[in-house]
Structure formats: C-alpha cells, structure tokens
Amino acid sequence: MIDLRLLREDPETVRASQRARGESEAAVDGLLHADAARRTAVGRFEALRAEQKQLSGRIPTARGDERAALLARAKELAASVKEAEAAVGAAEETLRAAQLAVPNVIEPGTPPGGEDDYVVLRTVGDPPEIESPRDHLELGEGLRAIDVERGAKVSGSRFYYLTGIGALLQLGMLQLAIQHALEAGFTPVIPPVLVKPESMEGTGFLGAHASEVYRLEADDLYLVGTSEVPLAAYHSGEILQLDEPRRYAGWSSCFRREAGSYGKDVRGIIRVHQFDKVEMFSYCRPEDAAAEHLRLLAWEEEMLAKVEVPYRVIDVAAGDLGSSAARKYDCEAWVPSQGRYREVTSTSNCTTFQARRLQIRYRDADGKPQIAATLNGTLATTRWLVSILENHQQPDGSVRVPKALQPYVGGQEFLEPARG
RNA sequence: GGAGGCUUCGCCUAGUCUGGUCUAUGGCGCCGCACUGCUAAUGCGGUUGGGGUUUUAAAGCCCCUCCCGGGUUCGAAUCCCGGAGCCUCCGCCA
C-alpha cells in the first residue's frame with residue numbers, strides 16, 4: 001500500500017511512477033477519489049455518533065417526559081448512526097481495493113520501461129572459454145547429482161532429486177550462504193513454509209502473483225514461494241527498535257506453481273516447482289533503505305565471488321519491478337550452455353509499501369510510531385547449481401569445485417562423473 | 001476428535017455475575033519535573049494505538065480501539081451468536 005498522505009500532497013509523483021511502470025494513471029485518480037470519499041463518510045459517521053453519545057449520556061439522569069423525549073430521539077439517531085457506519089465500511093472497502101490497484105512508487109533513477117529496458121550496471125568476471133559446453137543437466141546426470149526423470153515419476157514435471165554430490169553441493173552452498181550472512185550480522189532463521197492467507201496477502205503475493213501460489217484448500221494455508229513471506233510477516237503488527245537495521249537470513253524450501261510458464265526452461269533445474277533458498281531480509285528506517293539496498297546487493301556479489309562464477313548486475317526497469325518494489329537489482333550469472341546471463345539473485349527495496357500493510361513500525365526520534373521499510377535479497381538458491389556446474393565444467397565432464405565449497409564436499413577439488 | 005478455562009491501553013492486573021458514574025483500576029517499566037552535594041530513596045505529573053477536523057506547525061476538539069466479526073439496546077469491556085489464538089484434561093497415534 002502506498003502512503004495516502006504522499007498521494008494527497010504530491011499526486012504527480014505517483015502519476016509519474018505509474019507512467020514509468022507503464023501502468024494506469026487512472027488508478028491514481030481512482031485512489032484519490034476513494035480516499036476523499038472515505039474521509040467524507042467518516043466525518044458524517046463521527047458527527048452522528050458524537051451526538052448519539054452525548055444524548056445517551058443524559059438519559060440515566062432524565063425523568064418523566066424529558067426522558068421519554070430523549071429516548072425517542074436517541075432511537076432515531078441510532079438508526080442513522082448504523083447507516084452511517086455501514087457507509088464508512090463500504091467506503092473503506094472501496095479504498096482498499098483502489099489501494100491494491102496502485103503499486104509502490106518507484107525510486108528516483110529507476111530505468112523506465114518494461115522487461116527489456118533494464119540497465120546493466122556492471123559485468124564481473126569473464127565467461128570461460130568452453131568448446132561445446134555440456135548443460136547442467138547433462139553434467140549433473142553424469143555426476144549422479146541430479147535426477148529429473150525420477151522427479152517426474154514421483155511428483156511430475158519440474159520436480160527433481162538432488163542425490164549424492166548434488167545434495168552435498170546444495171547443502172554446502174546454502175551453508176556457505178548462512179555463514180556469510182552470519183558474519184554480516186544476520187540472524188539465521190528457519191521459518192514456517194506454510195502460512196495463513198493474511199501473511200501471504202500482507203506481503204503482496206496474492207495480487208498479480210496469486211496464480212503462482214500453492215494453496216492447501218483443506219486448511220486454508222499457502223505454501224510460500226520465498227521465505228520473504230514468513231520473514232516479513234514475522235514482525236507484523238509490531239513496533240520495532242530500529243536504530244540499526246534488523247537483519248534475518250531465512251533458509252527454506254520455496255514452492256512455485258509456475259503457471260503460465262509452460263514450455264519455458266523445461267530442461268533441468270532452472271525453473272522448478274520446489275527449490276531451496278537462503279534469503280536476506282532487512283527491516284530499517286525508510287531513510288536508511290536505499291543504503292541498505294546497496295549493502296544487500298554487495299553481500300549477494302560477495303557470495304557470487306565465493307562460488308567463482310561470472311555475472312552481471314542489472315538495474316531492473318520500472319515495469320518489471322513487481323508491485324511491492326520501489327527498485328530492484330538482479331544479479332545474473334553466466335550460463336555457458338545458453339550463452340547468456342540468467343537471474344540468480346534479486347534484491348528489492350520495498351520501502352514502506354509492504355510494512356504498511358503488515359503494520360510493521362518503529363519509533364522515531366520523537367517516540368512516534370512510523371512505518372518501517374523492508375528489503376529482501378537472495379543469497380543462494382538451487383538455481384545457482386546450474387551456473388556452478390556449467391562454468392566449472394571440464395572437457396571430460398568432471399567439474400571443478402570452487403574453493404569455498406570444497407569443505408562441504410569432503411575436500412574434493414574435482415567431481416568426477418560416474419562410470420557406465 | 002471430545003470437554004473445560006483464558007484473551008483488558010509495553011508487561012502484570014482490577015472491572016464482566018448485577019449494561020450508564022469505565023472519561024477502564026492498581027503495580028512494574030519508561031519519560032519529565034521537584035528534592036537531596038553523587039547514587040539510591042521519595043514526591044508530583046505524564047505514558048495504548050489508529051483516524052477525522054483545524055492549522056505553516058503545534059495545541060485543541062471529536063470518533064474508533066478492552067482478541068476478531070456480527071447481534072440485542074437509547075447506551076456494551078460487561079448480555080447473546082459466530083470465529084481465532086493460547087492453556088488444561090480426556091481420547092487417538094507414535
């Protein structure tokens with residue numbers, strides 16, 4: 001939810017944000033209108049209610065005719081109050097709907113446009129020279145690390161088993177991410193992956209992303225697509241001490257339906273229904289959010305350096321931000337078999353947008369509660385294995401293990417394909 | 001799965017049977033002031049949150065908020081119905 005105060009005082013900023021995203025400016029006017037309508041309704045209700053209270057207060061001491069007259073008037077008033085209250089309820093519902101239609105206001109400097117209008121901020125490392133590279137699935141199968149055939153047999157398409165060295169490699173990578181976060185002062189968290197509708201909705205995943213989300217009908221619970229959800233909802237309704245940003249690193253499985261992505265990335269483990277991820281999540285004061293965002297990006301890049309893969313950083317364009325983010329930086333790792341960069345991390349500054357809905361606040365210098373800012377970013381996910389396997393492959397199908405991961409695979413420097 | 005109990009302004013707590021004077025009691029904590037040469041102690045005052053209105057701003061005034069949603073009533077923390085969470089016991093499973 002965007003800040004209605006900002007909207008009233010400076011609607012042009014919000015309109016400009018909508019234009020950059022390629023979204024409707026009419027939604028802004030709709031929201032302005034709904035806001036004004038609600039305030040009118042509230043004013044009417046409160047005036048009637050004040051009169052009613054005042055009248056009711058006089059009844060206990062009134063006697064005889066006066067009492068009867070008061071009762072009669074009060075009774076009339078009660079009906080009007082009820083009506084006015086219902087009008088407020090309706091106006092609030094309209095406002096809520098209008099608010100859902102307006103995504104976060106973009107940060108100044110965000111590239112305008114859609115998916116292809118990103119700006120490359122930097123490219124780090126050189127893609128390795130590999131003659132006719134094997135793709136990660138071929139390598140993974142050779143190492144007996146990835147088994148998509150049995151994944152499909154047991155659970156369907158886009159499911160897989162990580163076995164042997166594959167399982168170790170993923171556990172090692174995630175452990176490395178947690179250690180990395182720990183050194184940076186994060187609190188490691190293993191959160192629930194099933195959440196209530198309000199938690200899912202509060203984080204903004206039941207809007208445009210609703211069809212992406214697995215729902216357990218019998219229990220009215222949702223499987224999270226990222227631990228951002230339980231980490232954001234963790235402090236919902238609370239007032240936090242935020243002199244310093246509060247940082248959590250969540251380790252969880254993530255579940256995505258991938259509806260509408262039929263035929264995309266069907267091979268291997270690039271796009272799957274279930275994967276594991278270590279996610280950074282920060283709560284901070286709004287004025288610290290942009291700086292915190294750059295810190296999250298820096299930690300992501302340090303992790304990518306540890307697994308020794310070439311990557312580039314892009315500044316995601318306004319139209320591709322998602323509703324909660326004011327700005328987003330993705331790191332894309334080089335995938336030799338595809339000859340291009342693919343997203344492996346994503347860090348978003350959600351400013352106060354997410355926290356407003358979840359009622360996450362802090363006390364400012366005057367002791368007044370204010371809405372906090374929230375940010376998130378990826379520290380490692382299953383998809384990284386794609387880039388790790390492919391970039392470090394050798395002509396014979398073996399794979400060199402980045403130094404930082406070697407302790408997690410029994411100290412091996414090279415993973416050798418199984419024979420036969 | 002069954003039975004019962006609980007949920008009050010940061011924390012603890014009074015109030016609910018018997019609706020209005022609840023504008024919600026007291027303690028702890030916190031903040032300010034006073035006093036004492038420091039500390040401690042003491043005294044006085046303040047301290048839920050959200051919204052509306054007015055304003056350069058503040059103050060003020062008003063409304064909502066006693067787990068949530070309905071209902072009864074002129075009037076609900078209090079009575080009724082539904083729901084959530086927590087706890088205890090029983091059953092079941094291990």
Side-chain angles (χ1 to χ4, degrees), chain A residues 1-10 31-100 191-192 194-203 206 215-222 229-230 233-243 246 283 285-286 352-373:
Chain A
M1 297 194 311
I2 67 162
D3 183 1
L4 291 178
R5 237 170 269 267
L6 168 88
L7 175 73
R8 276 176 225 149
E9 285 165 15
D10 187 10
L31 183 51
L32 274 168
H33 183 260
D35 175 47
R38 185 198 73 102
R39 277 150 60 210
T40 305
V42 165
R44 188 176 301 134
F45 162 72
E46 288 188 354
L48 284 168
R49 177 69 177 150
E51 192 183 349
Q52 181 193 35
K53 282 181 69 167
Q54 199 254 356
L55 221 59
S56 289
R58 279 157 56 195
I59 288 175
T61 53
R63 293 288 174 269
D65 288 349
E66 194 199 347
R67 185 184 168 92
L70 281 175
L71 276 173
R73 263 191 70 203
K75 194 155 193 168
E76 272 174 42
L77 210 52
S80 318
V81 166
K82 202 165 193 174
E83 213 173 287
E85 194 173 16
V88 169
E92 275 171 352
E93 205 165 304
T94 305
L95 176 64
R96 195 178 151 68
Q99 249 174 328
L100 290 179
L194 282 168
V195 300
K196 299 198 245 181
E198 64 216 65
S199 304
M200 201 49 117
E201 187 171 9
T203 41
L206 289 187
R215 173 159 182 244
L216 280 83
E217 180 123 34
D219 300 284
D220 201 15
L221 290 170
Y222 293 89
V229 174
Y234 187 57
H235 285 305
S236 61
E238 298 181 19
I239 298 178
L240 304 171
Q241 159 74 26
L242 283 184
D243 295 337
R246 242 179 138 99
Y283 297 87
R285 299 179 171 202
T352 57
F353 189 86
Q354 198 173 52
R356 185 166 292 108
R357 205 177 321 183
L358 289 167
Q359 286 289 311
I360 301 160
R361 293 172 295 175
Y362 69 97
R363 289 194 190 278
D364 66 15
D366 298 327
K368 282 274 158 217
Q370 303 287 354
I371 305 288

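Labels below follow one simple rule: chain letters A, B, ... track the order of the sequence lines, proteins then strands, and each chain is numbered from 1. These numbers come from a predicted model, not from an experiment.
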Is Arg38(A) touching bases, backbone alone, or none of the nucleic acid, heavy atoms closer than 4.0 Å?
sugar-phosphate

Please tell me if Lys53(A) has a side-chain N or O lying less than 4.0 Å from either OP1 or OP2 of rC62(B).
no

Taking for each residue the nucleotide of RNA chain B with the nearest heavy atom, is it Lys196(A) or Ala47(A) whose nucleotide lies nearer the 5' end?
Ala47(A)

Work out how far the P atom of rA40(B) is from that of rG32(B), and round it to whole angstrom.
13 Å

Apply salt bridge (charged side-chain N to carboxylate O under 4.0 Å, His left out) to Glu46(A) and list each qualifying residue two or more places apart in sequence or on a separate chain.
none

P spacing across the pair rA76(B) / rG83(B), given as an integer number of angstrom:
24 Å

Nearest whole angstrom, please: distance from the P of rG10(B) to the CD1 of Ile239(A).
9 Å

Need the pair for rG20(B). Rule: Watson-Crick or G-U wobble, both distances under 3.5 Å, any strand; none if unpaired.
rC74(B)

Whole-Å gap separating P (rG49(B)) and CD1 (Ile371(A))
14 Å

Partners meeting salt bridge (charged side-chain N to carboxylate O under 4.0 Å, His left out) with Arg8(A) (sequence neighbours left out)
Asp35(A)

Listing, residues 67-81 of chain A side-chain donor-acceptor contacts under 3.5 Å, not counting sequence neighbours, or none:
from     : atom 1 : to       : atom 2 : distance (Å)
Arg67(A) : NH1    : Ile59(A) : O      : 2.9
Arg73(A) : NH2    : Glu51(A) : OE2    : 3.0
Ser80(A) : OG     : Glu76(A) : O      : 3.4

Among rU53(B), rC63(B), rG49(B), find the nucleotide with the atom closest to the side chain of Arg39(A).
rU53(B)

Please report the distance separating the P of rU78(B) from the corresponding atom of rU72(B), rounded so that it comes out in whole Å.
15 Å

Measure from CD on Glu93(A) to P on rG69(B) and round the result to the nearest Å.
14 Å

Under a 3.5 Å cut-off for both contacts, is rA59(B) paired Watson-Crick or G-U wobble with anything, and if yes, with which nucleotide?
none

rC35(B) versus rU18(B) - spacing of their C1' atoms, nearest Å:
47 Å

Can you tell me the distance, in whole Å, between the CD atom of Gln359(A) and the P atom of rC67(B)?
18 Å

All N/O pairs under 3.5 Å across the protein-nucleotides 72-75 of chain B interface:
from    : atom 1 : to       : atom 2 : distance (Å)
rU72(B) : OP2    : Lys82(A) : NZ     : 3.0
rC74(B) : OP1    : Lys75(A) : NZ     : 3.4
rC74(B) : O2'    : Ser56(A) : OG     : 3.3
rG75(B) : OP1    : Gln52(A) : NE2    : 3.4
rG75(B) : O4'    : Ser56(A) : OG     : 3.4

Taking atom C1' of rG49(B) as reference, at what distance in whole Å does atom CG of Asp364(A) sit?
14 Å

Glu198(A) CD to rG83(B) P, straight-line distance once rounded to whole Å
17 Å

Mate of rG29(B) where both pairing distances stay under 3.5 Å, Watson-Crick or G-U:
rU47(B)

In Watson-Crick or G-U wobble terms, with both distances under 3.5 Å, the base opposite rC66(B) is none

Mate of rA41(B) across any strand shown (Watson-Crick or G-U wobble, both atom pairs under 3.5 Å) is none

Taking the side chain of Phe45(A) as heavy atoms from C-beta outward, which of rC64(B), rG52(B), rG50(B) is closest to it?
rC64(B)

Check: Pro369(A) and Tyr362(A) side chains under 4.5 Å, non-hydrogen atoms
no

Does Val195(A) reach the side chain of Leu221(A), with side-chain heavy atoms less than 4.5 Å apart?
no

Nucleotide rU55(B), atom C1' - distance to CD of Glu9(A) in whole Å
13 Å

Kindly say if Arg363(A) contacts the phosphate of rG49(B), meaning a side-chain N or O under 4.0 Å from OP1 or OP2.
yes

Which residue lies more 5' along RNA chain B, comparing Arg361(A) with Arg8(A) via nearest heavy atoms:
Arg361(A)

My understanding is that a pair needs two contacts under 3.5 Å, Watson-Crick or G-U wobble. By that rule, which nucleotide pairs with rC35(B)?
none

What is the separation between atom CD on Glu51(A) and atom C1' on rU53(B), rounded to the nearest whole Å?
17 Å

Distance, C1' atom - from rC63(B) to rU23(B), rounded to whole angstrom
14 Å

Taking atom C1' in both rA94(B) and rG4(B), compute the distance separating them and give it to the nearest angstrom.
26 Å

Inspect the contact between Glu201(A) and Arg96(A) and indicate whether a charged nitrogen and a carboxylate oxygen are less than 4.0 angstrom apart.
yes

Taking the P atom of each, how far is rC22(B) from rC17(B), in whole Å?
15 Å

Which value, rounded to the nearest 0.5 Å, describes the distance between Leu100(A) atom CG and Leu31(A) atom CG?
10.0 Å

Is rA3(B) paired to anything, Watson-Crick or G-U wobble with both distances less than 3.5 Å, and if yes, which nucleotide?
rU88(B)

Tell me, which pairs form a salt bridge (charged side-chain N to carboxylate O under 4.0 Å, His left out) where one or both residues lie in residues 80-92 of chain A, sequence neighbours left out?
Arg38(A)-Glu92(A)

Residues that Ala87(A) engages under side-chain contact (heavy atoms from CB on, under 4.5 Å), provided they are two or more places apart
none

In whole Å, what separates the P atom of rA77(B) from that of rC68(B)?
12 Å

